[in-house]
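The structure appears right after this line, and notes come after that.
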Amino acid sequence: MASALWAYESKGDSNLHARHAQMFHFWDATIEFHAAVVLSALLQNRSGIEQELPALAEQFRKLGLSPERATLGVWHIVLQRLTKRYRTALTGTDIDEQARVRSAFADAPPGFLDTLLSTDVTNLLGEVIHLRNTWSGHSGAAGEDSLKEQLGILTGHVHTLRNLIGAGWLDFPLIRAGGAWFRNGVFHHDVDLAMGPNTPFRQERIPSNLVLEEDGLYLLSREGGSALPLAPLVELQPAAFGSNSDCYFYNRLQTEGIRFVAYPEVAESEMLKEATPTASLVAALASGVPTSQ
């Protein structure tokens, strides 16, 4: 997400059409990543999966959308429905349901959950999607003044997003797991911190309550040591721990494989691969039928 924004900053004002497109690449990455996180929690709760997948699939069908082709509309439905579900549970009086939601999020810090599930964040992302739809098909013919006005609006929304998020992610960072060892009843992992300005990623050693799959992507609680596996919609390539990697986002199913795209400017802007976990998740979202576990 940050790399997509840095690519926008690097373009300057000489090519406003390219800046305009790159700004929306940042929002594409941001919205899909937020959707991936709430789906990650859903995948940890079998009863939640059985309740929510049919409802999500029905909403997609009513609007003529399909997760087989990732669009902002698909991710907006996911965000609206699941953030409301979790927010309602956490603010309700059912203590058991509160515990189930916190467990699904790997006991994430309360500040993180407040940030992720905030109606202000969800509404802001929805506003960006509305602007995208309103301006779609017109940016190519838009004049310089119009493009500058649109970029000014979107830049203001970036600042709003930053203010809403604040430090919410610092205690629940995205990590790529490396090697591990077991000492005094606790697993200790070398991890890449897949956040911040460091490329290759800064490495740390972090205690965890469970062993993490090497090269896997997780959201890790610094306080509790629990980890939430990230839904297979985002990939780092090369995937190996410690490598200088680029970030790719699920884009669509194709006959020859699953297409992932990079929103920052990288040497290979897209890739096709056989990603069985991604295909299974997309099939479940499209059909409303949970995959066997």
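Computation of the quantities below employed the complete heavy-atom set of this structure, encompassing side-chain atoms and omitting hydrogens, waters and symmetry-equivalent molecules. The structure displayed is predicted, hence computed values, not measured ones.
- Judged by the 6.0 Å and 45° rule, R176 forms no cation-pi pair with Y218.
- Donor-acceptor pairing under 3.5 Å is lacking for the side chains of Q237 and D246.
- Residues T122 and D120 bring no donor and acceptor atom of their side chains to less than 3.5 Å of each other.
- Taking CH2 of W135 as the start and CG of L154 as the end, the distance is 4.5 Å to the nearest 0.5 Å.
- Ring geometry, F33 versus W169: the interplanar angle falls from 30° to 60°, so the pair is classed tilted.
- Under the 4.5 Å side-chain criterion, counting only non-hydrogen atoms from C-beta, L90 is in contact with L117.
- Classification of the F187-H189 ring pair by plane angle, with boundaries at 30° and 60°, yields tilted.
- Donor-acceptor pairing under 3.5 Å is lacking for the side chains of S47 and R100.
- Classification of R202 and D192 as a salt-bridged pair fails, no side-chain N sitting under 4.0 Å from a carboxylate O.
- F249 and L272 fall into different hydrophobic clusters, where Ile, Leu, Val, Met, Phe, Trp and Tyr residues are linked whenever their side-chain heavy atoms come under 4.5 Å apart, directly or through other members.
- Side-chain heavy atoms closer than 4.5 Å link hydrophobic residues (I, L, V, M, F, W, Y) into clusters, and following such links, possibly through other members, connects F24 to I153.
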(request) Walk me through it: do V234 and Y248 pass the test side chain to side chain contact (heavy atoms under 4.5 Å, CB included)? (result) CA-CA 6 Å; V234 180; Y248 292 83; over 6 Å; no
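- Taken from OG in S136 to CD1 in I129, the straight-line distance is 13.0 Å, to the nearest 0.5 Å.
- Taking the six-membered ring for Trp and the full ring otherwise, F105 and F172 have centroids separated by 6.0 Å or more.
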(message) Under the criterion side chain to side chain contact (heavy atoms under 4.5 Å, CB included), I'd like the reasoning laid out for R19 against Q22: C-alpha separation, chi angles, the key distance, then a yes or no.
(response) CA-CA 5 Å; R19 292 199 88 195; Q22 187 59 43; 5.8 Å; no
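- The six-membered or imidazole ring of Y263 lies away from that of W6, with a centre-to-centre distance of 6.0 Å or more.
- Using cut-offs of 30° and 60° on the angle between ring planes, the pair W27 and H157 is perpendicular.
- Linking Ile, Leu, Val, Met, Phe, Trp and Tyr residues whenever their side-chain heavy atoms come within less than 4.5 Å leaves L43 and V289 in two separate clusters.
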(request) In sequence, state the C-alpha distance, the side-chain angles, and the governing distance for R183 and W181, and then conclude on side chain to side chain contact (heavy atoms under 4.5 Å, CB included). (result) CA-CA 7 Å; R183 181 182 301 162; W181 66 97; 3.4 Å; yes
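- Contact annotation: the side chain of H159 approaches that of T155 to within less than 4.5 Å [non-hydrogen atoms, C-beta and beyond].
- Under 4.0 Å is where a charged nitrogen must lie from a carboxylate oxygen, and between E52 and R85 at least one such pair does.
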